[in-house]
Each structure stands twice: as C-alpha cells, then as structure tokens.
Amino acid sequence: MNIINQSAGKRSVRSLMDEVCLCQRHFERKFKYNTGFTPKEYSRIVKFRQAIDLLKNTTEANNLLSVAVNAGYYDVSHFLKEVKTLSGGTAESFLSPTLPQEGLLTYIEK
C-alpha cells in the first residue's frame with residue numbers, strides 16, 4: 001500500500017509484484033485480504049484521489065488536460081469517465097468551493 005500511495009497509483013501491478021517477490025495470484029490474494037481491494041482497484045482509487053487533489057488546486061476548468069495527464073490518465077475523456085464511475089459526479093463539481101470534508105468523499109462502482 002505504501003508503494004502505491006507514494007507513486008500516487010501510477011505503478012503497475014507487475015512492478016509491485018516484482019518488488020515484493022510474489023506471484024500475481026498470491027500477491028493479489030494477500031493484498032485483497034489486507035485491504036479489501038485488489039491492487040488494481042486500490043491503485044485506481046489512489047490515482048483518482050491524486051487527480052481530485054490536483055483538480056481542487058486548479059483555478060480553471062480549462063486545465064482538465066493538465067490535471068488528467070499529471071494524475072496519470074491517458075487523456076481528458078479517460079479522466080472524466082473515471083470521475084463519473086468512482087464519484088458519480090462530474091469533474092466540474094469538484095471545482096466548486098462547497099466540497100465535502102476530506103473524509104466524506106465516497107467512491108461508487110457500477
């Protein structure tokens with residue numbers, strides 16, 4: 001988890017497995033047992049959190065491309081799809097000054 005958090009969710013599962021010297025099946029099973037998420041799901045959430053933090057610190061909606069790229073997404077449409085999938089809202093909703101407290105951000109999955 002620390003490696004994923006330090007890399008802001010940008011490390012591949014393969015590189016994580018190599019670093020901890022476990023096969024994929026064993027690594028994923030142990031990770032899910034300890035966190036409740038697969039490594040890929042956890043990385044996705046961490047990357048999303050990083051993107052939202054970047055988005056909150058930006059002043060213009062025109063910077064969606066730079067936020068998406070800096071957070072590790074391929075393009076704006078990929079980023080916007082993740083925002084919709086994981087939060088149920090739009091990226092623009094995170095630009096408003098009336099955001100919920102840090103601990104109140106929830107994630108939803110279809």
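Just so you know, these numbers use all the heavy atoms, side chains as well, and skip hydrogens, waters and symmetry mates. Keep in mind that this is a model prediction, so the values were computed, not measured.
- Scanning for side chain to side chain donor-acceptor pair (under 3.5 Å) contacts around Asn70 gives an empty result, with sequence neighbours left out.
- Under the 4.5 Å side-chain criterion, counting only non-hydrogen atoms from C-beta, Ser87 is in contact with Phe48.
- Smallest separation of non-hydrogen atoms from Val83 and Thr90: CG1-C, 3.7 Å.
- Residues passing the side chain to side chain donor-acceptor pair (under 3.5 Å) test with Ser15 are Arg11, Ser12, sequence neighbours excluded.
- Using a 4.5 Å cut-off on side-chain heavy atoms (C-beta onward), Arg29 and His26 make contact.
- Here the CD atom belonging to Gln24 is positioned 13.5 Å from the CZ atom belonging to Phe31, to the nearest 0.5 angstrom.
- For Val20, the side-chain contact (heavy atoms from CB on, under 4.5 Å) test picks out Leu22, Phe27, with sequence neighbours left out.
- Every residue two or more places apart in sequence or in another chain that forms a side-chain contact (heavy atoms from CB on, under 4.5 Å) with Thr38 is listed here: Lys32, Lys40, Glu41.
- Environment of NZ in Lys30: sparse, with no more than 12 heavy atoms of neighbouring residues, nucleotides or ligands closer than 6.0 Å.
- Judged purely by atom type and a 3.5 angstrom limit, Ser7 uses its side chain to pair as donor or acceptor with the backbone of Ile4.
- Around the CZ atom of Arg14, the shell of radius 6.0 Å holds no more than 12 heavy atoms that belong to other residues, nucleotides or ligands.
- By the salt bridge (charged side-chain N to carboxylate O under 4.0 Å, His left out) test, Glu82 is found to be paired with Arg44, residues two or more places apart in sequence or in another chain being considered.
- Partners of His78 under the ring pair (Phe, Tyr, Trp, His ring centres under 6.0 Å) rule, at least two apart in sequence or in another chain, are Tyr73, Tyr74.
- Taken from SG in Cys23 to CG in Asp18, the straight-line distance is 11.5 Å, to the nearest 0.5 Å.
- Closest heavy-atom contact between Ala51 and Val67: O-CG1, 3.6 Å.
- Contact between Leu80 and Leu64 at its shortest, heavy atoms only, is CD2-CD1, 4.3 Å.
- Listed by chain and residue number, Tyr42 satisfy the side chain to side chain donor-acceptor pair (under 3.5 Å) test with Asn5 (two or more places apart in sequence, or in another chain).
- Closest heavy-atom contact between Lys47 and Gly72: NZ-O, 3.3 Å.
- The side chain to side chain donor-acceptor pair (under 3.5 Å) search around Gln50 returns none, not counting sequence neighbours.
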